[in-house]
Structure formats: C-alpha cells, structure tokens
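Start at 1 and go down the list; that is how both ligands and their atoms are numbered. Nothing fancy with the numbering, it's 1 onward along the sequence.
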Amino acid sequence: MRRFCPWLVGLLVVASASPLRAQDRLQDRINVVASFSILGDFVRNVGGERVGVTTLVGPNGDVHVYTPAPMDAKKVADAKLLVINGLGLEGWLPRLVQSAGSKATIVTATLGIAPIKIDAAPDPHAWQSVLNAKIYVANIRDALMAADPADAAVFRANAQSYLKELDGLDREVREAVAKIPDGRRKVISTHDAFGYLALAYGIEFIAPLGVSTESEASARDIAAIISQIKSLKIPAVFLENISDPRLIRRIAAETGTRIGGTLYSDSLTAENGDAPTYIDMVRHNIRTLSRALAN
Ligand code: ZN
C-alpha cells in the first residue's frame, strides 16, 4: 500500500479545521419556518445550532387574525420545514403557502393530540397543557430527524433534555394549583384560550370571547359573564397580551372584581418581556393565577 504523503495529510488537517468549514456548517442549517412564536421556541430548543428558525407571527402577535406580509411569502418559499399548529388555528396559512409556491414539508405539531371540541370545532390552543407541549416537541423532533438524518443524534439529545424540563414544568404547575383553595380555582379571561390548561390542571376559565379573537362579545355575552362572576363568586379577571384590554376592564369595573394581571395565551413576548420562552410563559401564567387566587 502507498504511504500517505505527510504534506497532504497536513493540508487535510488544516482544511478541516479552517473557519470556512464552520461557515459551511452554518449555511447548511435547515431552514425552518414556524407559524407563531410558541412553535418557534419549541423548534429552537430541539434544533439548536443545526436549525435556522424564523416565525411568521412574532412576539405579542395574534395568530388567529394574522395578515401575512410580503416578506412572509419569501420566508415560506425558502423553508425546508414549515411547522404549524393545525386544528384550525392558522386559517390564513394555506393561501400563503400556495402563493409562495413553497415546497416545504408541512409539520403539524399537534398530530396525535385529541382535541377538545367546542361547538363541534377543535379548540386549537393545545399547547396550554404542558403534557401536550411534549407531544408538539416529539413531533418537531421526528420531523427534524427526517429532514436532516445526519444530525438525528443532536436533535434526539436536545429534545430529550427539553422534554425533561417540560416534565419539571408540569410538576411545578400541578404543585402551584394544589395550593390554590378549591373554591377559588375559577377565573375570567378574554378569549377561550385556556381550555387545555383547565382540563389538565383543574382551573375553570370563563371567557366572553370564543376560541378565536375574531369574534366580538355581544351585550348579552357580557351580561351573562357579569352574572356568572356574581353567582360563582369568581375572585379575579385577567387581561391577555394579544387581546384588547377594554372588555375585561369594563367587566372588572361593573362587577368590582379585581384584575389579576395579564395572561399569555397565544404568543410569547420579546426577549425583555414576561414570557420570552414557552417555559417562561407557563411559569408567568401560573404565578399570576396563584397570586390572584390565593386568599
Ligand atoms: Zn387564541
């Protein structure tokens, strides 16, 4: 067998260690577009450095009533994966995908979750149960592994450590709810975004708006809420980061009920806000609920 030329071996070592290679790695990252900020955070946690993530509906945006911008078509056209919630949340998305001529693989992160039905339609806010969030993460992990098998081990390890954090978060929520007195686990929020949190953790939510922010509360809806607050002795009402605060302020004023703070339902905040990540969001919500519902 021929001996290796020492200078050739030297050249190969230099080439593999050069910064150019690191840049190549950066350029061959998988381009993933997430429909809204919460999904973007899940993708970031699983994809790590191997994935470039952009979101369509950004911090504090309302995914129910989003109007895509021209830039979104470019983002979607360039994507290898498009991660969506499904369950009817992103009604504006099919048209965007079509007009962008996107060839992206669409990943429905709620696949395998049995949805809550409201008037025969699925409630899309499944991420509000941490156990469902784990299903989102597993779906995203599997999609990334399929799209980039060379990095499968990285995605599996990242997902495993994030899923462990979510297990801890689920325990935190259960412990916090257990400390709220039984009769006080009921609140008013603006739109019906907390059905999965209610079902998983046993806090009752009543909302003047339906599962979408698209609707408006009628005078009759508001009157019904006001009489419910009085008859059920509901301790607190809550604002939402994506909804107009006037409705809740009016209900609070008319019933003399305390405003317990702001809950984050469908969107994260910017880095300097209360809820820049999903885990921050769940912690903030449960702390806000606990504080307002304690005696
Ligand atoms: Zn919503």
Side chains of residues 101-113: which donor-acceptor partners sit under 3.5 Å, not counting sequence neighbours?
{"from": "S102", "atom 1": "OG", "to": "V76", "atom 2": "O", "distance (Å)": "3.1"}
{"from": "S102", "atom 1": "OG", "to": "A104", "atom 2": "N", "distance (Å)": "3.1"}
{"from": "T110", "atom 1": "OG1", "to": "N85", "atom 2": "O", "distance (Å)": "2.6"}

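- For residues 280-294, the set of pairs meeting the salt bridge (Lys or Arg N to Asp or Glu O under 4.0 Å) definition, not counting sequence neighbours, comprises E172-R283.
- Nearest approach of Y201 to V130, heavy atoms of both residues: OH-N, 3.2 Å.
- Around the Zn ion (ligand 1), the protein contributes the following N, O or S atoms under 2.8 Å, ordered by chain and number: H64 NE2, H125 NE2, H191 NE2, D266 OD2.
- Inter-residue side-chain proximity for F194 and V187 is flagged as unmet; no heavy-atom pair is nearer than 4.5 Å.
- Note on residues 253-272: pairs passing salt bridge (Lys or Arg N to Asp or Glu O under 4.0 Å), not counting sequence neighbours, are R250-E254.
- Listed here is the closest heavy atom pair of D244 and R246: OD2-NH2, 2.5 Å.
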